[in-house]
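These notes are about the structure you will find just below.
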Amino acid sequence: MNQPSATTATLPQGTGFGATMRKDNWWIGPIGIASLLLAFLIYSTWAAFQGAFYWVPGTNYLSPFYSPEIWGNSPHAIIAGQPSFWQSWMPPFSAALLILGLPAGFRMTCYYYRKAYYRSIWLDPVACAVGESRKSYIGESALPLILWNVHRYFLYAAIAFVFLLGYDGIIAHMFPVNADGTPFVNVKYLADGAANPGFIEANATAPHHHVFGMSMVSLVLILNPLMLAGYTFGCHSLRHIVGGRKDCFAGGEGSGNGLHFKAWSFVSLLNRHHALFAMVSLVGVGLADILVRLVAMGKISDFRFF
Ligand code: FES
């Protein structure tokens with residue numbers, strides 16, 4: 001039988017930034033991902049500073065960028081008004097500014113996103129077998145990138161957000177109505193943050209109830225946490241934690257605690273599609289905010305399925 005003989009392969013690697021012998025369109029991936037990440041970053045930053053049009057009177061819709069609303073003027077706020085520690089030299093108060101750091105930090109330190117923006121935005125390395133400008137390599141073993149190890153702690157917050165947004169998605173399907181079936185809109189403030197001139201204090205607790213329904217926005221608001229769950233529960237750090245903090249299951253299930261192995265296997269199932277969930281959930285959360293915002297501004301009408 002012929003045995004394969006050892007050969008010396010020459011990698012299509014050039015020297016100097018961007019130099020390569022690759023013939024494929026390797027640059028399409030980095031450009032596409034950079035465009036998506038930058039578009040999301042710009043939009044989400046803009047939306048977070050608005051402090052208005054993040055909820056829709058007459059519904060239970062709340063933008064995921066603003067949930068949980070710890071302080072605020074919408075009926076979703078846990079504490080009415082703005083916090084006393086918000087100083088006059090700070091930007092105008094927006095409930096999103098209090099919470100968005102947690103999901104943003106989770107994504108920024110995610111192993112998949114690190115690869116994505118190291119390649120597409122930092123261009124270091126830009127792609128396999130493509131030359132880079134860097135002369136030495138310390139990886140993530142020194143400052144500042146060693147700080148990215150904080151990812152596992154952002155994970156705990158991210159898990160809480162999945163459940164909070166899941167709750168928002170469920171109540172988005174409960175539409176408040178008056179006894180005659182018309183939308184209950186006796187709210188103190190309007191979606192733009194201004195006081196509602198039609199608000200009647202005595203009717204604030206008037207009898208009203210909720211009817212179950214589904215609309216375009218409520219559907220997106222429930223799909224969003226499902227996508228986020230697929231992303232969060234496929235996290236590499238979570239896999240390590242639920243697997244019992246082992247580096248290897250060399251002997252399969254019998255080598256350790258069976259429950260740990262089952263949990264590790266479940267997370268691994270989602271982890272195989274981690275990049276896909278990362279991108280789909282990013283688009284989903286942005287789309288949810290855009291739809292709530294446009295409906296709140298009256299730019300589009302929500303479509304009610306039933
Ligand atoms: Fe991507 Fe943890 S590695 S979310």
Side-chain angles (χ1 to χ4, degrees), residues 36 39-40 43-44 46-48 50 52-69 72-77 95-96 99 103 158 160-193 196 198-199 203-234 270 273 276-306:
L36 181 64
F40 182 83
Y43 175 75
S44 57
W46 174 84
Q50 297 310 297
F53 300 116
Y54 57 89
W55 64 287
V56 181
T59 71
N60 280 323
Y61 303 162
L62 175 63
S63 160
F65 287 177
Y66 284 77
S67 180
E69 185 182 7
N73 284 334
S74 91
H76 304 270
I99 54 157
F161 271 83
V162 168
F163 287 102
L164 287 167
L165 295 180
Y167 171 77
D168 288 346
I170 291 170
I171 65 165
H173 292 80
M174 305 304 295
F175 294 86
V177 291
N178 296 305
D180 61 0
T182 55
F184 179 82
V185 288
N186 187 36
V187 286
K188 202 166 186 175
Y189 294 94
L190 299 172
D192 63 1
N196 179 7
F199 175 68
N203 287 351
T205 54
H208 68 279
H209 61 284
H210 291 83
V211 292
F212 179 74
M214 180 176 277
S215 68
M216 173 182 68
V217 176
S218 72
L219 182 60
V220 171
L221 287 175
I222 193 68
L223 288 178
N224 175 46
L226 291 175
M227 292 299 104
L228 286 174
Y231 169 56
T232 305
F233 294 119
L270 295 171
H273 309 287
L276 180 67
F277 276 121
M279 284 307 176
V280 170
S281 63
L282 187 79
V283 172
V285 74
L287 181 67
D289 180 86
I290 290 171
L291 285 179
V292 168
R293 188 167 297 282
L294 291 177
V295 171
M297 295 172 81
K299 300 286 185 196
I300 62 169
S301 303
D302 190 14
F303 179 76
R304 185 85 174 258
F305 299 114
F306 59 87

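Because the structure is a prediction, the values reported are computed rather than measured.
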Apply side chain to side chain contact (heavy atoms under 4.5 Å, CB included) to V280 and H273, showing your working. CA-CA 11 Å; V280 170; H273 309 287; over 6 Å; no
Is there a side-chain contact between S67 and Y167 (heavy atoms, below 4.5 Å)? no
I need the minimum non-hydrogen distance between V177 and H208, along with the two atoms involved. O-CB, 3.1 Å
Would Y66 and S74 count as having a side-chain donor-acceptor pair, cut-off 3.5 Å? no
Check: M214 main-chain N/O paired with S218 side-chain donor or acceptor under 3.5 Å: no
Non-hydrogen side-chain atoms of Y54 and E69 separated by less than 4.5 Å: yes
Take F184 and N186 through the side chain to side chain contact (heavy atoms under 4.5 Å, CB included) test and state the conclusion after the steps. CA-CA 6 Å; F184 179 82; N186 187 36; 4.1 Å; yes
Nearest heavy-atom contact between G234 and L270 is CA-CB, 3.7 Å
Pairwise distance CG(L164) to CG(L228) - rounded to 0.5 angstrom: 11.5 Å
Atom pair CE (M227) and CD1 (I222), whose distance is rounded to the nearest 0.5 Å: 11.0 Å
Could you report the tightest heavy-atom contact between N60 and H210, atom names first, then the distance? ND2-CD2, 3.7 Å
Please report the shortest heavy-atom distance between G286 and Y43, naming the atom on each side. O-CE2, 4.3 Å
Relative to the ring of F175, is the ring of Y61 parallel (under 30°), tilted (30 to 60°) or perpendicular (over 60°)? perpendicular
Close side-chain approach of L282 to Y231, heavy-atom, < 4.5 Å: no
Taking atom CZ of F199 as the centre, does the number of heavy atoms from other residues, nucleotides or ligands within less than 6.0 Å exceed 12? yes
Close side-chain approach of F161 and P68, heavy atoms under 4.5 Å: yes
Where is the tightest heavy-atom contact between S215 and D302, given as atom of each residue plus distance? OG-OD2, 2.9 Å
Result for side chain to side chain contact (heavy atoms under 4.5 Å, CB included) between P64 and one of V220, L287, L165 points to L165
Point-to-point distance, once rounded to the nearest 0.5 Å, from CD1 of I290 to CD1 of I300: 10.0 Å
Look at the side chain of T182 and the backbone N and O of N178, then say whether any donor-acceptor pair between them is shorter than 3.5 Å. no
Test: R293 cationic atom under 6.0 Å from F65 six-membered ring centre, within 45° of axis: no
Shortest non-hydrogen separation from D289 to A47 and the atoms involved: OD2-CB, 3.7 Å
Pairwise distance OG(S281) to CG(L223) - rounded to 0.5 angstrom: 12.5 Å
Yes or no on side chain to side chain contact (heavy atoms under 4.5 Å, CB included) for L221 and L62, after CA distance, side-chain angles and deciding distance? CA-CA 8 Å; L221 287 175; L62 175 63; over 6 Å; no
Could you tell me whether a side-chain N or O of T232 sits under 3.5 Å from a main-chain N or O of A229, the two making a donor and an acceptor? no
